[in-house]
Amino acid sequence: MTTEAHALSQLKALVAHGPRFHGTETMAAAAAWLESELVAMGHSVRREPVSLPGWHPGTVRRVRVTAPVDRVLPAWPMLWSAGTGAASVDGVVRGRLEVLGPEGIWGDSIVWQRFGVRDEAGRIAAVVHARDDGPAAPQPLPAGSDDRIAHLAVGHLDGLQLAEWVADHDDVRIEVELDSEPRERSVSDNLIVEVPGSGPVQAGTVVACGHLDSFYNTLGAYDNGSGSIALLELARIWVSEPPTRPVRIVWFTAEEWHLLGSRHHVEQLTDADRDAIDFVLNIDGLGRGDLLETFVGPERFGFAVRDAVRAHAAATARTLTTVDRFPPTRGTDDASFHAAGIPSVFLTFNDLHRLHQPEDLPDPGIARNIAWTVPLARSIVETMPRPRRTAAPGLL
Ligand SMILES: [Zn+2]
């Protein structure tokens, strides 16, 4: 059994290494710690290197409105954003703000608003992104974004204020400064543990996964230290009580970089490997509250997972607000499997005021949800029959 106190101490030990941003030394240190914990349990760990176009967030980041009022807005560089150095003489882009329109993040999983900064030469020389809800938080830039100009994210309310100023004044002035820059390549590893099953040899495999990496600006206790520790707890339980079917546990890197860790993993699989996977359970973000979201595909499999969640909540006298979203969105690692036609479950206690924030720190509420989720995840992995596969509309 996983106690809340044990989950909290493990979570603190994981995040003590620093932000787990893909390609960094602190990410490597956290992965080494995780590997040593698994080896001490008796597991062997396979590493799968993931190399991708690198990027450094820099240290200067500023969005300042200078008219109709003077106000600095909290802002974060979007992942892969260029700095402002190339688009201006002194490194600061100044101009007039205009509304560009909506922007799909992670496909159309969430919809933000975009604003352009038009400089004296009449060019759009920077983009300000406003979040759909909550404080300013960075996300990776959508594919096709202009890689020569700066892109900064501000919070939801600041976005509404900007839109109102633009509607009321024809000359909203803004300054943007950013020193983010690309790096040629950046490498971290997926960590993989194969747990043999105690049941019939012909049983398929379940992949239980979560991402180990975090955004650059956070220790990522909830996103996704929590899921990483839940998987570590499952690995510990399955040493003394082997699962009924083989389980592959994977801690992915680069989830925050367009799912490139899990996409790389799925690309390496043969058709036979993919067919041998009964389904994937992705645990990403066990935040502090009582809002449990599940995204499951195919639909019939979602009904079975819904019943399993309800039964576990009833058995533990837990009152939850649940959201079952269908079809699954494209913002987490299960999407890499779903796109390949593999049935998938995504579980999260959503905590949008901590998502990609420096305040995403270890918390008893997170530990509580890790301890609550581990037996649910174990039951889903060990008891769910292989779902019937159907084509995923628009993804296959
Ligand atoms: Zn995450």
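Counting convention: from 1, in listed order, for ligands and their atoms alike.
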Query raised in the report: For the Zn ion (ligand 1), does an N/O/S atom of D284 lie at less than 2.8 Å?
Result: yes
Report task. Verify whether the ring centers belonging to H312 and W372 lie closer than 6.0 Å. Result -> yes
Query raised in the report: For the Zn ion (ligand 1), does an N/O/S atom of E255 lie at less than 2.8 Å?
Result: no
Report summary line: Tracing side-chain contacts under 4.5 Å among Ile, Leu, Val, Met, Phe, Trp and Tyr outward from L178 reaches V63, V65, V69, L73, V93, L97, V99, F115, V117, V128, L152, V154, L162, W165, V166, V172, I174, V176
Query raised in the report: Any idea which N/O/S atom from D223 gets closest to the Zn ion (ligand 1)?
Result: OD1
Query raised in the report: Should side-chain heavy atoms under 4.5 Å link Ile, Leu, Val, Met, Phe, Trp and Tyr, which residues sit in the same cluster as I124?
Result: L100, V127, I149
Requested in this report: Determine, for R354 against D360, whether the closest basic-nitrogen to carboxylate-oxygen distance falls under 4.0 angstrom.
Outcome: no
Query raised in the report: Considering only N, O or S atoms, which atom of H211 is nearest to the Zn ion (ligand 1)?
Result: NE2
